[in-house]
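Quick note on labels: first sequence line is chain A, next is B, and so on, each numbered from 1. Note that this is a predicted model, so its numbers are computed, not measured.
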Protein chains: 2
Amino acid sequence: MLSPLRQTDHAPTATGPFGFTGPCLRHARDEEIFSEGDSADYIYQVISGSVRTCRLLRDGRRQIDEFHLAGDYFGIEAGDLHRVTAEAMADTTVRMVRRGALSDLAAQRADVARALFRLTAEGLQRSQDHVLMLGRKSARERVVGLLVDLAERTGAQSELDVPMSRQDMADYLGLTIETVSRTLTQLQSDGVIALPTTRHIVLRDRAALRRLGD
Amino acid sequence: MLSPLRQTDHAPTATGPFGFTGPCLRHARDEEIFSEGDSADYIYQVISGSVRTCRLLRDGRRQIDEFHLAGDYFGIEAGDLHRVTAEAMADTTVRMVRRGALSDLAAQRADVARALFRLTAEGLQRSQDHVLMLGRKSARERVVGLLVDLAERTGAQSELDVPMSRQDMADYLGLTIETVSRTLTQLQSDGVIALPTTRHIVLRDRAALRRLGD
DNA sequence: CGTGAGTTTGAAGGGAATCAAGACTAGTGG
DNA sequence: CCACTAGTCTTGATTCCCTTCAAACTCACG
C-alpha cells in the first residue's frame, strides 16, 4: 500500500526533473520549512533527509498528513496558500522550485504539465490509502502498514531506519504514542520484527507483515 | 472544511468545462459506474444525482473515499486503473470524458492542463481534510463536519437533504451505523439539528454546528 | 395492511486513550 | 571520559468512547 509521491523514473539531476534547477536550502532538525497559511510560492523536493507535513487543530491535536523522503516532492497546492505545515524531521536539504516559473513552464511544455499532474495525482492516491487506513484499520494494521510502506519506499530489505519519532508515527497513524509503542513491542514479541534501537527496526518476517497490514 | 471537488467557476455547459462534450449516461440507484481495478479510460462528471467512491478490504470493511455531488468530477487517476469503486447513490446522470482525448487536449491547451491539475489538487485537499477528520476527530465532530460540508456544497441554508444512507455516512466517517444514528439523535436532543425524516436534516444552529465540527 | 430493509435504541464488551511511573538515550558540561 | 539531565520511549493501571450484539421501531411499498 501507499505508493510513494516520487519521481522514481528520473533520478534527481543537476537540473532537476522539471528541466531546471532551483536553489537548495538546508534545514536543521525540527526546523519549519513553511507553515499552514503561508503563501505557496514554491514547491519543494527533498534532496536529503526527510520532512513531515502536518495540520494542527486549535486544541493542539496534530495530524501528520505525509512523510516525505529523499526524492519526494511536497508543498503542491491548488490555491495560493499552504494548507499544511512542513518541518524537517532530520537535517534536511530541499530544492525549491518557484511556483510561478513552474506554472509558466507547464503552460509551454506538455511534459512538464503532465509530470505536475502525475505528482499531484500520486499524492491523492497516497492520501486515499491514508484515509482507508485511518477509517477502517486497527492499531496493529496501521503500524504494520507504516513499516511496510517505509521499507518499500526506502528500498530496505529487512533493516529499516525510521526517520521519525514515536510521536510522529502516532500523529500519522491517528493513534497515541503509547499505543504505537505497545504495538511495536507486541510485534516484537510475536517475532515479526526486532527493535535493536528505537530508530532501527528489523523486519524479520515480511510475508507475515504483509498479512498483518492486511 | 472540505472544499468541494468542483469546477465552481465554470457552470456546466453544453460543451462541458473542458471545452468538449462527452456522452451522458444514466445509472440507477446503487448501480456500479466503475469498479476498483477497472481500466481508467474515462473521467466523469456528475450531472444530476450523486455518487460515492469507495474501497473494500478483503474482510468486507468498507471505506467511502468521497461523496460526489452534482457538478463534481470523479474517476481521475494517476495510473491506468481505477483504485476505487464508484456507485450511484440515487438515479444519477454522469458525463463521461475519454481520458485519452482529455490527455491529448491537455497537451495542446495549457488552460485544460491547468484545469485538470486544479481538479486533482482540490481532490487532494479534500482527502487531506478527510485524513484529519479520521485521524483526530471524535464521532460527534465527524458527523457535524459532514453535515456542514454537505450544507456548504449544496448551498443549503438550514434544510438539508442528505443523499446517502446512514451506512454510507458511517463508512465515510470511519464509524458504525449505530454510532452515526446515536450521534444524530444526540445532536437533535441538544437542539442543534432536527430530524423530520431520515434523509432530511434541519440545521437549527449553524454557529453551534461550526463550533462542534471544530 | 403485511413485509422487509433501513434505522433507532439498549446493554454489554473491547480496543485504544488517558493517567502515571519508570527506563532508556542522547546530549551537555564538568 | 563520564556523570548529569532532559527528552523520548516503554510499561502498567484504569477509564471511556465507540463497537458489538440484540431487539424494537419506522416507513415505504407490494
Side-chain angles (χ1 to χ4, degrees), chain A residues 28-30 52 57 59-63 89-91 133-147 161-190 193-201 212 214, chain B residues 28-30 52 57 59-64 87 89-91 133-147 161-190 193-201 212 214:
Chain A
R29 189 174 206 274
D30 290 327
R52 61 176 173 256
L57 294 178
D59 62 4
R61 285 177 285 180
R62 185 178 75 147
Q63 177 64 45
M89 292 197 292
D91 292 352
M133 178 182 234
L134 296 178
R136 288 298 179 219
K137 292 193 183 179
S138 68
R140 163 173 285 224
E141 289 169 335
R142 295 183 203 191
V143 170
V144 169
L146 175 59
L147 296 183
D161 285 300
V162 301
M164 72 285 292
S165 68
R166 296 289 187 265
Q167 186 63 62
D168 285 340
M169 294 176 73
D171 288 343
Y172 177 77
L173 298 173
L175 301 170
T176 61
I177 185 176
E178 293 96 328
T179 298
V180 170
S181 181
R182 268 187 261 270
T183 304
L184 286 170
T185 310
Q186 187 60 49
L187 289 169
Q188 181 172 37
S189 46
D190 292 350
I193 66 169
L195 299 162
T197 74
T198 44
R199 297 280 184 130
H200 188 80
I201 300 178
L212 289 174
D214 139 72
Chain B
R29 187 174 207 273
D30 291 325
R52 60 175 173 257
L57 295 178
D59 62 5
R61 285 176 287 181
R62 186 177 76 149
Q63 177 64 44
I64 291 183
E87 294 158 339
M89 292 198 292
D91 292 353
M133 179 181 232
L134 296 177
R136 288 299 178 218
K137 292 193 182 179
S138 68
R140 163 174 287 225
E141 289 169 335
R142 295 184 203 189
V143 170
V144 169
L146 175 58
L147 296 183
D161 286 301
V162 300
M164 72 286 291
S165 68
R166 295 290 187 266
Q167 186 63 62
D168 285 340
M169 295 176 72
D171 287 344
Y172 177 77
L173 298 173
L175 300 170
T176 61
I177 185 175
E178 295 94 328
T179 298
V180 170
S181 180
R182 268 186 262 271
T183 304
L184 286 170
T185 309
Q186 188 59 51
L187 290 169
Q188 182 173 36
S189 45
D190 292 349
I193 66 169
L195 299 162
T197 74
T198 44
R199 296 283 183 128
H200 188 79
I201 299 178
L212 289 174
D214 142 65

Using atom [atom1] of [X] as one end and atom [atom2] of [N] as the other, report the distance to the nearest whole Å.
| X | N | atom1 | atom2 | answer |
| --- | --- | --- | --- | --- |
| B/Leu184 | C/dG6 | CG | P | 17 Å |
| B/Arg199 | C/dT7 | CZ | C1' | 11 Å |
| A/Leu195 | C/dT25 | CG | C1' | 15 Å |
| B/Met169 | C/dG6 | CE | C1' | 14 Å |
| B/Gln186 | C/dT7 | CD | C1' | 17 Å |

Could you grab the distance from atom [atom1] of [X] to atom [atom2] of [Y], nearest 0.5 Å is fine?
| X | Y | atom1 | atom2 | value |
| --- | --- | --- | --- | --- |
| B/Arg199 | B/Met164 | CZ | CE | 8.5 Å |
| B/Glu141 | B/Leu173 | CD | CG | 12.0 Å |
| A/Ile193 | A/Leu187 | CD1 | CG | 4.5 Å |
| A/Arg52 | A/Asp171 | CZ | CG | 9.0 Å |
| B/Lys137 | A/Arg61 | NZ | CZ | 7.5 Å |
| B/Arg136 | A/Asp59 | CZ | CG | 10.5 Å |

B/Asp168 side chain near B/Arg62 side chain, heavy-atom distance below 4.5 Å | yes
Heavy-atom contact window of chain A on DNA chain D, given 5' to 3' at under 4.0 Å =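 Contact span on the strand: D/dC9 to D/dA13.
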Exactly one of B/Leu195, B/Val144, B/Thr179, B/Thr198 clears side-chain contact (heavy atoms from CB on, under 4.5 Å) with B/Leu184, and that residue is B/Leu195
Contact letters for nucleotides 9-19 of chain C, in which S counts primed atoms plus P, OP1 and OP2 and B counts the base, heavy atoms under 4.0 Å = BBB----SSBB
5' precedence on DNA chain C between B/Gln167 and A/Thr197 (nearest-nucleotide basis) =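 Result of the comparison: B/Gln167.
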